[in-house]
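First comes the structure, then the notes that go with it.
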Amino acid sequence: MASRLERITEQRLDSLSRIRARGIDPYPQGYHPSHTIREARVLFERQGENAQDISLAGRIMSKRSMGKMSFLDLRDSSGKIQLSFRYNLLGQERYEFLQEIDIGDIIGVEGRLFRTKAGELTLEVSDFAMLCKTLRPLPEKWHGLADVEKRYRQRYLDLISNEESKKIFILRSKIITAMRSFLDKQGFMEVETPVLQSQAGGAVARPFITHHHALDEDLYLRIALELPLKKLIVGGFDRVYEIGRVFRNEGISVQHNPEFTMLECYQAYADYNDIMNLVEEMISYIAGEVMGDTKITWRGKTIDLTPPWRRLYLREAIKEYCGIDFEDYSDVASLRSRMIEMGLEVDPDKGRGKLINELISIFVEPKLTLPTFLLDYPVEVCSLAKRKRDNARLVEKFEAYINGIEIANAYTELNDPVDQRERFQQVAMGEEIESGDEDFIQALEYGMPPTGGLGIGIDRLVMIFAGQQSIREVILFPQLKTKE
RNA sequence: GGGCCGCUAGCUCAACCGGUAGAGCAGCUGACUCUUAAUCAGCCGGUUCUGGGUUCGAGUCCCAGGCGGCUCACCA
């Protein structure tokens with residue numbers, strides 16, 4: 001006994017044979033519509049019912065047949081419009097061919113625009129062509145596709161049936177376009193650096209490993225863009241950026257996908273104060289470009305992104321929100337026992353930097369709803385940042401938060417090759433595995449100007465702009481386990 | 001990796017205490033020349049995620065597994 005799906009597919013294969021029997025190719029090479037649906041609507045505004053001889057192409061989304069007259073809804077990437085097919089106008093043969101058009105099929109139509117009695121703008125079809133016959137039915141028109149797993153695995157169905165989902169990815173594209181345009185206007189040059197690297201540096205994360213057969217050596221997928229970009233600063237490109245995919249072989253969650261998109265940019269002769277200004281200007285510029293406003297909505301709350309954002313010293317923030325002054329605890333042991341005193345569960349393998357990061361995520365992050373820069377981190381949390389001029393235990397690093405989500409990480413770049421080598425060595429001795437990159441240190445030995453650098457997690461930025469709680473909702477094809 | 005929850009027709013969802021697995025949409029047939037979640041009449045359609053077990057009888061209870069969601073851990 002055939003299932004419904006099999007029967008539907010059989011019926012459509014039969015339809016295909018009937019179409020071919022009429023000498024019609026159900027998968028023709030092309031079609032050149034005179035207008036998009038959006039353009040057609042504009043045209044009607046201007047010309048009214050003089051809008052004749054226009055052609056459109058798209059997917060049939062619904063079909064309402066009343067004997068000798070039928071209404072179909074046609075959708076292209078710009079919008080949706082109703083089509084009317086009349087027996088009188090098309091004649092028996094053409095009208096009967098309408099039988100072969102199913103919901104989901106892609107067709108081209110020609111005709112004139114008019115308004116129905118109900119006021120709906122409609123194309124009265126005088127001729128039409130099958131552009132692609134479909135073999136499977138679309139998800140239900142009213143509820144769309146709700147099954148989360150299916151939405152991710154078959155994103156195309158999600159995009160066809162859920163308008164909201166489609167809007168998110170349009171927004172994502174616009175955000176990246178606006179980001180590029182902002183940086184370009186600021187005199188930054190876009191570059192591309194290797195994804196395959198013999199050492200994965202620039203961050204602390206487990207990399208993906210792959211193998212190059214001809215070279216017979218293992219290579220790593222990059223976990224950050226940082227080191228090659230700074231080599232370009234050494235090379236004399238004073239403002240560079242890269243928007244690219246990085247890969248981290250770690251857990252998957254609502255905020256983590258194994259591959260994600262980062263912006264990193266570096267500006268010679270700048271420090272982290274300059275980068276703070278750059279970040280708040282860039283984010284509010286992007287908001288203006290993509291939403292026409294510098295205010296966004298997050299869980300019903302309105303958040304204003306207009307600069308200047310709050311600047312909050314990390315030490316003060318931790319003191320205020322959890323009562324610990326980390327300057328009073330200059331070694332791991334004392335900080336650990338203080339945290340245990342507070343009733344926190346403390347991983348004995350964690351170093352001072354990681355413990356402070358833990359305090360940040362537990363006590364501070366949830367408080368950072370409004371756009372905030374957290375600044376001046378202990379030297380242990382980042383081996384690539386330059387020390388404060390007046391306090392060698394701190395580095396000039398900041399993270400930007402919106403809605404408690406970290407969206408940017410930046411610092412005054414460490415350009416002292418001797419200090420850099422020592423810092424890599426300290427990290428290597430500790431539990432935090434960040435590989436020292438000899439090539440990179442060598443580059444620093446040739447001299448890198450004072451530089452400010454920035455990293456922005458684009459997926460998370462899109463989450464904030466789109467009001468989404470899960471990173472999978474802003475990545476077209478999020479990583480899922482292979483089925484069977 | 002741990003905890004909790006979910007998986008039933010192509011899609012969206014029902015099915016009480018374990019008692020013949022249903023509806024809407026989609027599809028098919030018929031009626032209908034301004035409908036728009038079209039309407040009306042009729043019809044078809046099931047490996048209830050998989051594999052075991054308990055039982056006279058399992059979508060439902062038990063065990064193991066798969067995939068997904070949330071969450072904790074880890075991280076950005």
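Protein chains get the first letters and strands the later ones, always in sequence-line order, with residue 1 at the start of each. Just so you know, these numbers come straight off a predicted model, no measurement behind them.
- Taking the 5.5 Å centre cut-off and the 30° plane limit, the aromatic side chain of A:F71 is not classed as stacked on B:A38.
- A gap of 15 Å separates the P atoms of B:U8 and B:G59, to the nearest Å.
- Across all strands, A:E120 comes closer than 4.0 Å to base atoms (heavy-atom distances).
- Using the Watson-Crick or G-U wobble rule with both distances under 3.5 Å, B:G1 pairs with B:C72.
- Among the heavy atoms of the strands, none lies under 4.0 Å from A:I405.
- Judged by Watson-Crick or G-U wobble contacts below 3.5 Å, the nucleotide B:G57 has no partner.
- Heavy atoms of A:G144 sit under 4.0 angstrom from primed sugar atoms or phosphate atoms, though from no base atom.
- Among the protein residues, A:F114 comes within range of the nucleic acid bases, having at least one heavy atom under 4.0 Å from a base atom.
- In terms of phosphate contacts, A:K150 brings a side-chain nitrogen or oxygen within less than 4.0 Å of OP1 or OP2 of B:C11.
- Taking the O4'-C1'-N9-C4 or O4'-C1'-N1-C2 dihedral as appropriate, B:C13 has a value more than 90° from 0 and is therefore anti.
- A:Q11 comes within 4.0 angstrom of the backbone, heavy atoms only, and of no base.
- Contact annotation for A:A118: base contact, defined as any heavy-atom pair under 4.0 Å involving a base atom.
- Using a 4.0 Å heavy-atom distance criterion, A:N357 is classed as making no nucleic acid contact.
- Residue A:D158 forms a salt bridge (Lys or Arg N to Asp or Glu O under 4.0 Å) with just one option from A:K167, A:K150, A:R151, and that option is A:R151.
- Looking at A:R20 and A:S15, their side chains never bring a donor and an acceptor atom within 3.5 Å of each other.
- Checked by atom type, the side-chain pair A:E365/A:Y401 shows a donor-acceptor distance below 3.5 Å.
- Out of B:C34, B:U71, B:C11, the shortest distance to the side chain of A:M66 is found at B:C34.
- A:N257 comes within 4.0 angstrom of a base, heavy atoms only.
- Note on A:S70: nothing from the nucleic acid sits closer than 4.0 angstrom, heavy atoms only.
- By the 6.0 Å and 45° rule, A:K68 stacks over the aromatic ring of A:Y87.
- Residue-level contact check: A:R206 touches neither bases nor backbone, having no heavy atom under 4.0 Å from any strand.
- Phosphate proximity of B:U36 to A:R115: absent, as no side-chain N or O sits under 4.0 Å from OP1 or OP2.
- Applying the Watson-Crick and G-U wobble criteria (two distances, each under 3.5 Å), B:C67 pairs with B:G6.
- In the model, A:E413 has no side-chain atom that pairs as donor or acceptor with a side-chain atom of A:T451 under 3.5 Å.
- Residue contacts shown for A:V246 are absent, as no nucleic acid heavy atom lies under 4.0 Å away.
- Looking at heavy-atom distances under 4.0 Å, A:Y152 makes contact with sugar-phosphate atoms alone, never a base.
- In this model, the phosphate group of B:C67 is approached by a side-chain N or O of A:K481 to a distance below 4.0 Å at OP1 or OP2.
- Across all strands shown, B:U39 pairs with B:A31; the Watson-Crick or G-U wobble distances both stay below 3.5 Å.
- Listed pair A:R64 / B:A38 meets the phosphate criterion, a side-chain N or O lying under 4.0 Å from OP1 or OP2.
- The environment of A:R38 atom CZ is sparse: at most 12 non-hydrogen atoms of other residues, nucleotides or ligands sit within 6.0 angstrom.
- Residue contacts shown for A:R136 are absent, as no nucleic acid heavy atom lies under 4.0 Å away.
- Heavy atoms of other residues, nucleotides or ligands lying less than 6.0 angstrom from OH of A:Y285 number more than 12.
- Rounded to whole Å, the P atom of B:G42 lies 24 Å from the corresponding atom of B:A37.
- One interatomic measurement links the two molecules: CD of A:E140 to C1' of B:G24, which rounds to 7 Å at whole-angstrom precision.
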